[in-house]
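Below: one structure, written as structure tokens.
Since the structure is predicted, the reported quantities are computational estimates derived from the model, not experimental observations.
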Amino acid sequence: MTTQRSFKARVRTRMEKTGESYTTARRHLMNRAAEAASASPPGPAEPTAAPPAPAAAAQTERIADDLIRARTGRGWAEWFAVLDAASATEWTHTRIARHLGTEHEVPGWWAQTITVGYEQARGLRAPGQRRGGGFEASASRTVAVPARRLFEAFADETARARWLPDVEVRVRTATAPRTFRADWAGGPTRIVVGIDAVGESKARVSVLHEKLTGAEQAAELKAYWRERLTALKALLETDGDQR
């Protein structure tokens, strides 16, 4: 009975962190336990401490310099020099992003991306942490479909359920085909989705999951979103999503 109660508590903890239903969270934990059991050597094993959650990657590691240059006209080091010259370490996050947009004509999503990278590089926030001290998780994928098709995979409830099942999403704003914002699993966390066209038949989606409680939740949701975006990519790039 004690073991069963402990397992149920772990299921509920995962539900709170990921927004999954009880059934989905239970299935993930059972699959993980089965994999661990199959990988264990025969005979008694010494108990070991659980490995620490993987550290979040810095923005400059996640997004290549040549991609930043292609989308904004400058690489990381050049943008950092521009912001240093403007004394941007003394500015708020909003002011930095606005400066990039108004003074240097950087598109909104990329202005945010550069701002986060700059703040991390100058020690104003740690990877996975917001400027004000909270935490967030992010993931991105390039998918071989037009931007509008990718947007509909988030904005259309039926389409969304095919790759993001068992999650309550309350839409806040949706601007086709570029942005989608929603409360996650009834709150208090929320997601911000940006979609950037890469030619006529390819687009890049980036998901930012905000208002998280700590580094552990951020690491779990980062892994979760990588898995879900991989599933979305597979769905849209095959014949299984012909609607």
Side-chain angles (χ1 to χ4, degrees), residues 10-35 54 56-57 62-63 67 108-109 112-113 136-212 217-243:
R10 289 172 56 203
V11 173
R12 293 192 178 94
T13 297
R14 181 182 174 96
M15 290 169 63
E16 292 176 358
K17 290 180 177 179
T18 66
E20 297 168 342
S21 68
Y22 184 92
T23 301
T24 301
R26 180 175 181 275
R27 184 175 67 249
H28 278 294
L29 290 176
M30 291 184 67
N31 288 343
R32 185 183 300 175
E35 290 172 1
R62 293 195 313 105
I63 302 177
L67 179 59
W109 184 260
Q112 292 288 339
T113 297
E136 59 192 19
S138 61
S140 60
R141 283 288 183 276
T142 298
V143 185
V145 296
R148 183 168 292 276
R149 179 96 175 276
L150 195 50
F151 172 81
E152 290 172 353
F154 284 87
D156 182 274
E157 185 175 356
T158 301
R160 187 171 63 242
R162 300 191 65 191
W163 66 276
L164 199 64
D166 304 321
V167 176
E168 178 189 353
V169 174
R170 186 169 64 244
V171 180
R172 296 170 66 93
T173 61
T175 304
R178 298 184 60 84
T179 60
F180 177 85
R181 297 171 182 266
D183 293 326
W184 181 258
T189 71
R190 64 190 182 194
I191 58 172
V192 180
V193 181
I195 298 171
D196 186 44
V198 185
E200 296 182 358
S201 59
K202 187 180 293 186
R204 183 175 182 83
V205 57
S206 299
V207 176
L208 180 66
H209 202 136
E210 300 180 319
K211 296 190 173 184
L212 308 183
Q217 186 186 27
E220 288 198 9
L221 280 169
K222 187 176 188 68
Y224 172 82
W225 279 112
R226 284 176 173 172
E227 175 192 359
R228 289 296 84 209
L229 292 185
T230 297
L232 173 61
K233 177 181 173 70
L235 176 67
L236 294 184
E237 291 183 353
T238 64
D239 294 335
D241 189 48
Q242 299 300 316
R243 289 183 287 116

Requested in this report: Could you grab the distance from atom OG1 of T179 to atom CZ of R172, nearest 0.5 Å is fine?
Outcome: 12.5 Å

Query raised in the report: Distance from D183 atom CG to E210 atom CD, nearest 0.5 Å?
Result: 10.5 Å

Query raised in the report: Which class fits the ring pair W184 and W225: parallel under 30°, tilted 30 to 60°, perpendicular over 60°?
Result: tilted

Query - Residues that T142 engages under side-chain hydrogen bond (donor to acceptor under 3.5 Å, both in side chains), provided they are two or more places apart - result: R204

Query - Nearest heavy atoms of P146 and A203, plus distance in Å - result: C-CB, 4.2 Å

Query raised in the report: Only one of V205, L150, L208 clears side-chain contact (heavy atoms from CB on, under 4.5 Å) with V193; which?
Result: V205

Requested in this report: Report the distance from atom CZ of R162 to atom CG of L232, rounding to the nearest 0.5 Å.
Outcome: 10.5 Å

Query - Closest non-hydrogen atom pair, R148 against P177 - result: CA-CB, 3.8 Å

**Report entry** Partners meeting ring-ring contact (aromatic ring centres under 6.0 Å, His included) with W163 (sequence neighbours left out)
**Finding:** F154

**Report entry** Minimum heavy-atom distance V169-F180, with the two atoms named
**Finding:** CG1-CZ, 4.3 Å

Report summary line: To the nearest 0.5 Å, atom CG of D196 lies from atom CG of L67 at 8.0 Å

Query raised in the report: Hey, does the side chain of E237 reach the backbone of A144 with a donor-acceptor pair shorter than 3.5 angstrom?
Result: yes

Report task. For residues L236 and R149, report the shortest heavy-atom separation together with the two atoms involved. Result -> O-NH2, 4.1 Å

Query raised in the report: Is there a donor-acceptor pair under 3.5 Å between the side chain of K202 and the backbone N or O of V145?
Result: no

Query raised in the report: How would you list, by chain and number, every residue that makes a side-chain hydrogen bond (donor to acceptor under 3.5 Å, both in side chains) with R141, sequence neighbours excluded?
Result: T230

Query raised in the report: How close do A218 and A137 get, heavy atom to heavy atom, and via which atoms?
Result: O-CB, 3.3 Å

Report task. Starting at NZ of K222, measure out to CZ of R226 and round the result to the nearest 0.5 Å. Result -> 5.0 Å

Query raised in the report: Can you tell me how far OG1 of T113 sits from CD1 of I63, rounded to the nearest 0.5 angstrom?
Result: 4.5 Å

Query raised in the report: R190 and K211: side-chain contact (heavy atoms from CB on, under 4.5 Å), yes or no, with the steps?
Result: CA-CA 7 Å; R190 64 190 182 194; K211 296 190 173 184; 3.7 Å; yes

